[in-house]
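Structure record follows, encoded as structure tokens.
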Amino acid sequence: MRVYFDNAATTPLDRAVFEAMLPLMEQQFGNPSSIHWHGREVRSALDRARKTVAGLLNTSPAEIFFTSGGTEADNTALVNSIEAYGLTHAITSPIEHHAVLHTLEFLEKKGKIRLSKVALDESGHVDLACLDDLLRHNPRSLVSLMHGNNEIGNLLDLERVGELCAEHQALFHSDTVQTMGHYRHDLQALKTDFIVGAAHKFHGPKGVGFLYVNANTRIHPFIHGGAQERNQRGGTENVYGIVGLAKALELAYDDMDGHHRLIESLKARMMARLRETIDGVEFNGDSAKLDRSLYTVLNVSFPASDDADMLLFNLDIAKISASGGSACSSGSSVGSHVLTALGTDPARPAVRFSFSKFNTADEVDYVVEKVAALFPKKELA
Ligand SMILES: Cc1ncc(COP(=O)(O)O)c(C=O)c1O
């Protein structure tokens, strides 16, 4: 058996998505900007894809801009809103994805903004009182807080943060890469200015994503060139990627509740089995709380051991793909900035197991058996 438990990094392409993309790679090769028949048929496919995505998110096609993925969508929202609105202050958290953190830190270093990082509680959730306080002292800020953390799975209350931002005339960007296709986003109900998606996180193709920009929010072109994406992003569109993204999101919405139940049961099984078999196993962030974390992510903290550095390597040898990284020990430049911010013990190795609809209970049992073999046998009570 070979097990893929790294679905927060990327997911396998769904067969039906591949089939939806194929005609665009074979017969329908026109440039969607061309006005002739070959161009028009591809333009229609592009328009349909935008309509599908907008429909699923309960918003209008004019608010969806296709990009090369989550990173570009995050960069576009952050750089653009600061520039278009002349904002001078941004608020984020220390556990954002680097697509957000590095972008804001770059803008801070350039002297374009002051950057504040909101405090977190002991399990890594945003301290909303601290956010409120920061907003009170810095109205008209840009707030960027992720919906689901890609390492520890912690979920943010998007509704509440949206309300707070609206109260203080702040723009609100949320990196929704890990929740897109796994949770429903009703953009009529949410008070967000920007959210993002990356197709490869929900069984779509790599290198394609989108940025939602609320119709009331102004942005400037991010990539200058042709008139594609309503003058906001020049360059011939990744048409097969976009068609694949829309198909993947459609499939995700078709049976979201079923997938949620299945994947959550795998996560719960894995937690229970690990607790049964390994002494001193813990879960990082709020990963163990099923209602406060992504059902797709389980971040496990293992007891310190002489082989701690070899854990992921040993899993790979046992034909298990997972990812991880402990907190940075002082002086070390590598490690997880998320676990470091949470103050987790750098001596304890951490592994992120992340699941998809293609995983099974047998795979969970196989992984637990192999992992348990790397640690001393648990004494029976
Ligand atoms: C939370 C989050 N944001 C942004 C990204 C970047 O997405 P992409 O690799 O599609 O650019 C990722 C991917 O790992 C992610 O998990």
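As the structure is a computational prediction, the values presented were derived from the model and not from experiment. In this chain, numbering begins with 1 at the start of the sequence shown. Read the numbers this way: they start at 1 and go in the same order the structure lists the ligands and their atoms.
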On a heavy-atom basis, the closest approach of Ile95 and Gly124 is CD1-O, 3.5 Å
Heavy-atom pair of closest approach, residues Ala90 and Leu104: CB-CD2, 4.1 Å
Which atom pair, heavy atoms only, marks the closest approach of Pro94 to Leu120? CG-CD1, 3.9 Å
Can you tell me which residues line ligand 1 if we count any heavy atom under 4.0 angstrom from one of its atoms, in chain and number order? Gly69, Gly70, Thr71, Asp74, His97, Met146, Asn150, Asp175, Val177, Gln178, Ala198, His200, Lys201
Is there a donor-acceptor pair under 3.5 Å between the side chain of His36 and the backbone N or O of Gly39? yes
Cationic N near anionic O, under 4.0 Å, Lys247 to Asp14: no
Could you work out, with side-chain contact (heavy atoms from CB on, under 4.5 Å) as the rule, every residue matching Thr217, not counting sequence neighbours? Tyr85, Leu171, Asp193, Phe194, Val213, Asn214
